[in-house]
> 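The structure follows.
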Number of protein chains: 2
Amino acid sequence: MTPADHPAPAPSPVPRARTVRERAREQITAEILTAARIRLTESGPGELSLRAVARDVGMVSSAVYRYFASRDELLTALLVLAYDELGAAVEQAEAAVADRRDVVGRWRAAWLAVRGWALAHPGDYALLYGSPVPGYAAPQATVEPATRVILVILRIVVDAKEAGSATPAARGAAHDTSAVAGAIGFAQQRGLMHTDAPTELVVRTLMGWTTVFGTISFELFGHLVGSVSQPDDYFEIVIDRLAADLGLTEADPVRNGSPSPSR
Amino acid sequence: MTPADHPAPAPSPVPRARTVRERAREQITAEILTAARIRLTESGPGELSLRAVARDVGMVSSAVYRYFASRDELLTALLVLAYDELGAAVEQAEAAVADRRDVVGRWRAAWLAVRGWALAHPGDYALLYGSPVPGYAAPQATVEPATRVILVILRIVVDAKEAGSATPAARGAAHDTSAVAGAIGFAQQRGLMHTDAPTELVVRTLMGWTTVFGTISFELFGHLVGSVSQPDDYFEIVIDRLAADLGLTEADPVRNGSPSPSR
DNA sequence: AACAAATGAGAGCACTGCTCTTGTTTCCCG
DNA sequence: CGGGAAACAAGAGCAGTGCTCTCATTTGTT
């Protein structure tokens, strides 16, 4: 599909932009997105002004509609961008834990990365986890990037369980297990949790997930102002207790046969 | 300060609206507020249109400014209204538990009331606990109504502790206690927690508070769609486990000397 | 009855999302 | 190389927004 005279298929494995126009289009699209993200830090998704974004990139408002059919489409692109960036940050931070058996360390690294990203990008965090934009329904394209964080967490919990570690104390009355059937199916569908799914573990994982994001939201949205004086310390206190509630145990102090702890 | 010729103070103990104008002003103010609340259920705080509200009450937009100096002032009034309504609902539900020693029952009643109110008023809930409106800073007048829910919860925990019940298991590593110094001060300042404040109990109360609102926000904002199939059941599972984590125990099965369980 | 305060209506300003039209640039293919 | 089609940027325009100002009317007080 280039000046190459071969009529055969075989598109180049790296489908980089060839024509000047496609190149410019990608670049301008990226410029619009970054300008919109900057605006988003101090404007909120519902009040994001497409005209202001257009002015920031030196265009007139109608020209932006060549790149995004509507403000909602721009929001969708921002949503995917932010979800992917958060997911990548968490995956990277969790993967950096050398001792893979240290599930508590991985748990802490993952959640600390979530909070770090949220504090660094409060506007994007509010877009992802704040109140939804009233007339806007997130399309299907956003759900896969949205699952990256919980997938990292799930893998940690599953790894811990397979190591015989994640055994949450059965506190609270026994309830119907079907309430979290969706979460169990979600995990099984992705190859995790191929053994029998212990409902209590799933519940505690969901609770940890909700508690962490609830804590970050409370911190960012100002509800902890009078109560928590050191949010950094408090967050670590919270994730430590959540790990304990899940039954995650520290890595064995016996260091027999650690598989290449270098790097 | 009235036609009463007495220069002495002693205003009437019930300062009801006397003149027709004051009466009309109160009524129209209330009409504007209720119209704004209805608009809020499908518009979001940032997109709340003052002109649309004015049209709903049959006025022109500029006339509304006789009652609220700005859209922010209207938002403040809505904030106070919603916080007070939620607080009253929770206080009432918790007070309806006859057996005051049943701290778990009171815990459940209070949190179920929070969720019930949130589901019944999603727009107001998003105003209170969703992303803050970008350019708007909630004034001091809103903080007191905002504390009513956590005050109810705090009293339950303190009552449980004085009955020797609230003893959370010391899970997780020991941390600096000063992170939650604000919360301890908040409780002591209101006469609660006059004894020595156990940091672990304060932390677990804060965590429970955050988890419940995090759960409700996740449910209302659509983050539990694929995972939790029965939100009602899941919510009860969560608050039961939170009570257990706090060390709240069910009321003693021995019913010796219950102090007037009537009403 | 007279005056002052409160109230409602309207016009107007600068802004918004979005559409449509107009002129220009870039691309592809013969 | 050159013509036609697509993509593009700019502008005008529409209906909406928060908010201010002016003006006429109503209400309360003296």
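Chain A is the first sequence line, chain B the second, and so forth, proteins listed ahead of strands; every chain is numbered from 1. All values below come from the heavy atoms of this structure, side chains included, with hydrogens, waters and symmetry mates left out.
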> In whole Å, I'd like the distance from the CD1 atom of A:I32 to the C1' atom of D:dC8.
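Taking atom C1' of D:dC8 as the reference, CD1 of A:I32 is at 12 Å.
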> Write down the distance between CZ (A:R55) and C1' (D:dG11), rounded to a whole number of angstrom.
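Those two atoms, CZ and C1', are 15 Å apart.
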> Looking for any heavy atom pair under 4.0 Å, which part of the strands does B:Y67 touch: base, sugar-phosphate only, or nothing?
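Sugar-phosphate, backbone atoms only, no base.
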> For A:R23 and C:dC27, what is the distance between atoms CZ and P respectively, to the nearest whole Å?
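Computing the A:R23:CZ to C:dC27:P distance gives 12 Å.
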> Could you tell me whether A:S62 contacts a base, only the sugar-phosphate backbone, or nothing, with contacts defined as non-hydrogen atoms closer than 4.0 Å?
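Base contact.
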> Do the charged groups of B:E219 and B:R115 touch, with an N to O distance under 4.0 Å?
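Judged by the 4.0 Å cut-off on N to carboxylate O distance, B:E219 and B:R115 do form a salt bridge.
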> Does anything in residues 131-139 of chain B come within less than 4.0 Å of DNA chain D? Heavy atoms only, and list the residues if so.
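Heavy-atom contacts with DNA chain D come from no residue of residues 131-139 of chain B; none.
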> Specify the separation, in whole Å, of atom CG of A:L50 and atom P of C:dC18.
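To the nearest whole Å, that distance equals 7 Å.
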> Rounded off to whole Å, could you give me the CZ-to-C1' distance for the B:R39 and D:dT17 pair?
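Value for this atom pair: 13 Å.
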> Check whether any side-chain nitrogen or oxygen of B:R25 sits under 4.0 Å from OP1 or OP2 of C:dT7, and answer yes or no.
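So the side-chain polar atoms of B:R25 do come within 4.0 Å of the phosphate oxygens OP1 or OP2 of C:dT7, strictly under.
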> Could you please name the option among D:dG18, C:dA9, D:dG11 that lies closest to any side-chain atom of A:V60?
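So the side chain of A:V60 is nearest to D:dG11.
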> Measuring from the side chain of A:A52 (C-beta onward, heavy atoms only), which nucleotide among C:dG17, D:dT20, C:dT16 has the closest atom?
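Selected nucleotide: C:dT16.
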> Do we see a donor-acceptor contact under 3.5 Å between the side chains of B:Y125 and A:S131?
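Checked: B:Y125/A:S131 side chains show no N/O donor-acceptor pair below 3.5 Å.
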> Please work out if A:R51 contacts a base, only the sugar-phosphate, or nothing of the nucleic acid, heavy-atom cut-off 4.0 Å.
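If one applies the 4.0 Å heavy-atom cut-off, A:R51 turns out to touch a base.
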> Who pairs with B:H223 by ring pair (Phe, Tyr, Trp, His ring centres under 6.0 Å), at least two apart in sequence or on another chain?
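Ring pair (Phe, Tyr, Trp, His ring centres under 6.0 Å) list for B:H223, sorted by chain: A:Y129, B:F218.
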> Using whole Å, what does the distance between atom P of nucleotide C:dT16 and atom CG of A:L74 come to?
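Rounded to whole Å, this separation is 14 Å.
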> In whole angstrom, give the distance that lies between atom CD1 of A:I28 and atom P of D:dA10.
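Atom-to-atom, A:I28 to D:dA10, this comes out as 10 Å.
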> Indicate, with a heavy-atom threshold strictly under 4.0 Å, whether A:L48 touches base, sugar-phosphate, or nothing.
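Sugar-phosphate only.
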> Pairing donors with acceptors under 3.5 angstrom, does anything connect the side chains of A:Y136 and A:T76?
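A:Y136 vs A:T76: donor-acceptor pair found between side chains.
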> When you measure from the centre of the six-membered ring of B:F186, is the NZ or CZ of B:R190 closer than 6.0 Å and no more than 45° off the axis?
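Geometry flag: set, cation within 6.0 Å and 45°.
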> Reckon B:S70 touches a base, only the sugar-phosphate, or nothing at all at heavy-atom distances under 4.0 Å?
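Counting heavy atoms under 4.0 Å across all strands, the contact made by B:S70 is with sugar-phosphate only.
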> What is the distance, to the nearest angstrom, from the CZ atom on A:R66 to the P atom on C:dT21?
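Checked: the CZ to P distance equals 12 Å.
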> In Å, rounded to the nearest 0.5 Å, how long is the span from CG of B:L86 to CZ of B:R148?
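One gets 8.5 Å once the value is rounded to the nearest 0.5 Å.
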> Go through A:M59 and A:I32 one step at a time and tell me if the side-chain contact (heavy atoms from CB on, under 4.5 Å) criterion holds.
CA-CA 10 Å; A:M59 298 202 315; A:I32 294 173; 4.0 Å; yes
